[in-house]
Amino acid sequence: MPVNILVCEGNSKSPDIHLLARVLAGQCQVIPVGSKHTISKYVLARRQEQNRNVTATIYGLMDRDFVPIWNTPTDQP
């Protein structure tokens, strides 16, 4: 499933946004949404909105400060 919109923490001047926007240029839109506490609410709200009228897919990028104990990814979505 292709990703059309990727959200991550930070603001429009954060290094995360600049790096991701350049790496993913032409692949998807990268949107800063503020704090890590805002991302899940933003993604869920946009998905509910999209279910009504848009075919884009939206995901959030979780980095290691989201969870207190970080586990190595298991290649499972």
Side-chain angles (χ1 to χ4, degrees):
M1 176 183 306
V3 176
N4 298 99
I5 301 169
L6 179 68
V7 296
C8 71
E9 63 185 311
N11 59 39
S12 61
K13 296 182 180 184
S14 72
D16 293 352
I17 296 301
H18 288 290
L19 176 68
L20 289 170
R22 287 185 184 209
V23 169
L24 298 173
Q27 303 297 314
C28 68
Q29 180 182 5
V30 181
I31 300 174
V33 293
S35 78
K36 67 181 180 181
H37 306 291
T38 310
I39 291 177
S40 62
K41 293 174 187 171
Y42 183 88
V43 169
L44 291 174
R46 290 290 298 265
R47 284 182 179 174
Q48 288 175 351
E49 177 183 306
Q50 289 172 357
N51 284 337
R52 285 180 251 147
N53 57 13
V54 180
T55 58
T57 54
I58 181 169
Y59 287 89
L61 184 64
M62 184 176 83
D63 59 15
R64 88 187 139 89
D65 72 334
F66 273 77
V67 291
I69 300 173
W70 181 257
N71 294 317
T72 304
T74 60
D75 296 327
Q76 297 294 320

State yes or no: do Ile58 and Leu44 share one hydrophobic cluster built from I, L, V, M, F, W and Y residues joined by side-chain heavy-atom distances below 4.5 Å, directly or via other members?
no
Compare every heavy atom of Gly10 with every heavy atom of Pro32, then report the nearest pair and how far apart it is.
CB-O, 3.4 Å
For Ser14, what residues pass the side chain to side chain contact (heavy atoms under 4.5 Å, CB included) criterion, not counting sequence neighbours?
Asn11, Asp16, Ile17
Between the side chain of Asn4 and the main-chain N/O of Cys28, is any donor-acceptor distance below 3.5 Å?
no
Any side-chain heavy-atom pair of Leu6 and Gln29 under 4.5 Å:
no
What I'd like to find out is whether the side chain of Val33 reaches to under 4.5 Å of the side chain of Glu9, using heavy atoms alone.
no
As an exercise, state the distance from OG of Ser12 to NE2 of His18, rounded to the nearest 0.5 Å.
7.0 Å
Leu20, Thr38, Ile31 screened by side chain to side chain contact (heavy atoms under 4.5 Å, CB included) with Val7, the one that passes
Ile31
Flag this pair as yes if the NZ/CZ of Arg47 is under 6.0 angstrom from the six-membered ring centre of Tyr59 and inside a 45 degree cone about the axis; otherwise no.
yes
